Amino acid sequence: MAVASVPGKTLAELFLSPPRQAEPCVVRGWVRTRRTTRTVSFVELQDGSTLRALQVVFAHDRVPRERIEAELHTGAAVEIAGLLVPTPDRPQPLELQAERYHLYGPADPTTYPLQKKAHSLEFLREIAHLRARTRTFQAVFRLRSGISFAIHEYFQTRGFVYVHTPILTPSDCEGAGQLFCVTTLPLAQVPKRPDGQVAYERDFFGRPAYLTVSGQLEAELLAMGLGKVYTFGPTFRAEPSHTPRHLAEFWMIEPEMAFYDLAATMDLAEDFLKFLARYALTHYTEELAFLAERYEPNLLPEIEAVVQAPFLRLSYTEVIEILQKSGKNFTFPVSWGSDLQAEHERYLVEEYARKPVMVYNYPRAIKAFYMRQNEDGATVASFDVLFPRIGEIIGGSQREERYDVLVRRMQELGMDLFPYKGYLDIRRYGSVPHSGFGLGLERLLLFLTGLTNVRDVIPFFRAAGQMA
RNA sequence: GCCCGCUUAGCUCAGCGGUUAGAGCAUCUGGCUGUUAACCAGAGGGUCGCAGGUUCGAAUCCUGCAGCGGGCGCCA
């Protein structure tokens, strides 16, 4: 059979508007399973457009059984032409009665790693190139796509400008982990200056260059002219974190708004997360139901709770009091001034509040230089959003817009002001209060999918010592 | 970076000092009046992660290494 020249319908389209009576149809996809009896064979076909599979019936008097058994194995790519018929009295609403088929690419069952059974996520990580063949990853990647679209929709319909901040940067954005250095210098024989230092003036940019750890500093500059902006792109951290929540390359969303103070930004962050949770529930019902059944029985109630319940807002100081009164025996002692540990955050979210918590006004000593100093002289206008299961999902702050205060803080920390000339400049000319936050896309997806390892919510993961 | 655990058939696992190492699923062969995680019968498939050590004897105990997973730290 020749390959049909017209694009066939996707299975999603077929299931969305099933035929009332039998009609000719061409479908394309990959074989998920096959069952054979004496007179007929059944093939379940998937094409990635929906989690549902189309049952294709091959009568052996029409299509030889020997050919079906030799070719239609799990994973084989095929085009099938036949009669699409409604089957209201069967478990599936419709099926395709095959007339003929074309085998695009076979899949040798003795070597093809995927079987018609559930595989462990750990095993699938070893064959990341085949993960898109599985329903779990089809659900995850479709959800990732939809959430990415929803993120743009949210900001675009609220007057934000999508800005592309550089991936290659000269500056080491303080307090955001270690950087990947980018160079064209020969690593085997790095040119050195007489004093032994690397001769960066001979490197590609004539100075050190890194992969960005955050678009925030540039977003701030753009917000100082465009008003409300957001970035949405890859971010790189060379921190060797060996946890299920960290990647070396991950995607981050960073809105930055002129004239927003801390409270307005916290309102935005909460509204934003509620919007995305609602979007997932209404547009990805099928995927969420599948993921809930497979991985996290409590998934839907948890997402519902994010949509419904107002997040609990507590100042850092209140949190310290709550933790001290909790009667819990924490491994890390609770005292004002020390950072909240994972165990503290978990108690707060999962036992005390039982819903998302926003903690604000952290001690200045444990936060980044750019966060706006509060009048009390002890705290900065920062906030974290803590989610059940995930922990920190958003970190943000009002930025220090006062030139003198900012410079004094940077000097206090012994920072070199030179690389921050532009950043400081916007504080000298027409400076205004402004704020922003960063949302980790993969962490949000952990929450929405019920999965527990960020390597499973990005198609090809890059983590310390691992490149899928 | 620190701590803990795991590594046995293609996959998921059992066996935890004593003959030729097992199960389910997958694969292959045959059967079955439409199945739907199909079913029934049979077959093939393993240097028990790698390297040392202890022992009459090691998949099993010890040491080192590697890979993977988890906890903590750092953070998104």
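Note that the coordinates shown come from a computational prediction; the quantities given were computed from them, not determined experimentally. Here is how names work: the chains are called A, B, and so on, in the same order as the sequence lines, proteins then strands, and each is numbered from 1. For the numbers below, each heavy atom of this structure counts, side chains included, while hydrogens, waters and symmetry mates do not.
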**Message:** A/Q398: which residues meet the side chain to side chain donor-acceptor pair (under 3.5 Å) condition with it, sequence neighbours left out?
**Reply:** none
**Message:** Checking base pairs now: Watson-Crick or wobble, both atom distances under 3.5 Å. What partners B/rG44?
**Reply:** none
**Asked** Residues two or more places apart in sequence or in another chain: which of them pass ring-ring contact (aromatic ring centres under 6.0 Å, His included) with A/H344?
**Response** A/F330
**Prompt:** What ring pair (Phe, Tyr, Trp, His ring centres under 6.0 Å) pairs are there with at least one residue in residues 40-83 of chain A, not counting sequence neighbours?
**Reply:** A/F58-A/Y101
**Asked** If pairing requires Watson-Crick or G-U wobble contacts with both distances under 3.5 Å, which nucleotide is the partner of B/rG34?
**Response** none
**Asked** A/P91 near the nucleic acid: base, sugar-phosphate alone, or nothing, with a heavy-atom cut-off under 4.0 Å?
**Response** base
**Partner nucleotide, any strand, of B/rC65 [Watson-Crick/G-U, under 3.5 Å]** = B/rG49
**Item:** First of A/V57 and A/A248 reached from the 5' end of RNA chain B, by closest nucleotide
**Value:** A/V57
**Request:** Name the nucleic acid region contacted by A/E44, choosing base, sugar-phosphate or nothing; use a 4.0 angstrom heavy-atom cut-off, strictly under.
**Result:** sugar-phosphate
**B/rA59: pairing nucleotide in any strand, Watson-Crick or G-U under 3.5 angstrom** = none
**Message:** Only pairs with both distances under 3.5 Å count, Watson-Crick or wobble alike; so what is the partner of B/rC72 in this structure?
**Reply:** B/rG1
**Fill in**
Applying salt bridge (Lys or Arg N to Asp or Glu O under 4.0 Å) to A/R364 and not counting sequence neighbours gives A/E412
**Asked** Using a cut-off of 4.0 Å between protein heavy atoms and nucleotide atoms, how would you tag nucleotides 7-15 of chain B 5' to 3' with B, S and -?
**Response** ---BBS---
**Asked** Any N or O donor-acceptor pair linking the side chain of A/R443 to the base of B/rC75 at under 3.5 Å?
**Response** yes
**Prompt:** Residues in ring-ring contact (aromatic ring centres under 6.0 Å, His included) with A/Y423, at least two apart?
**Reply:** none
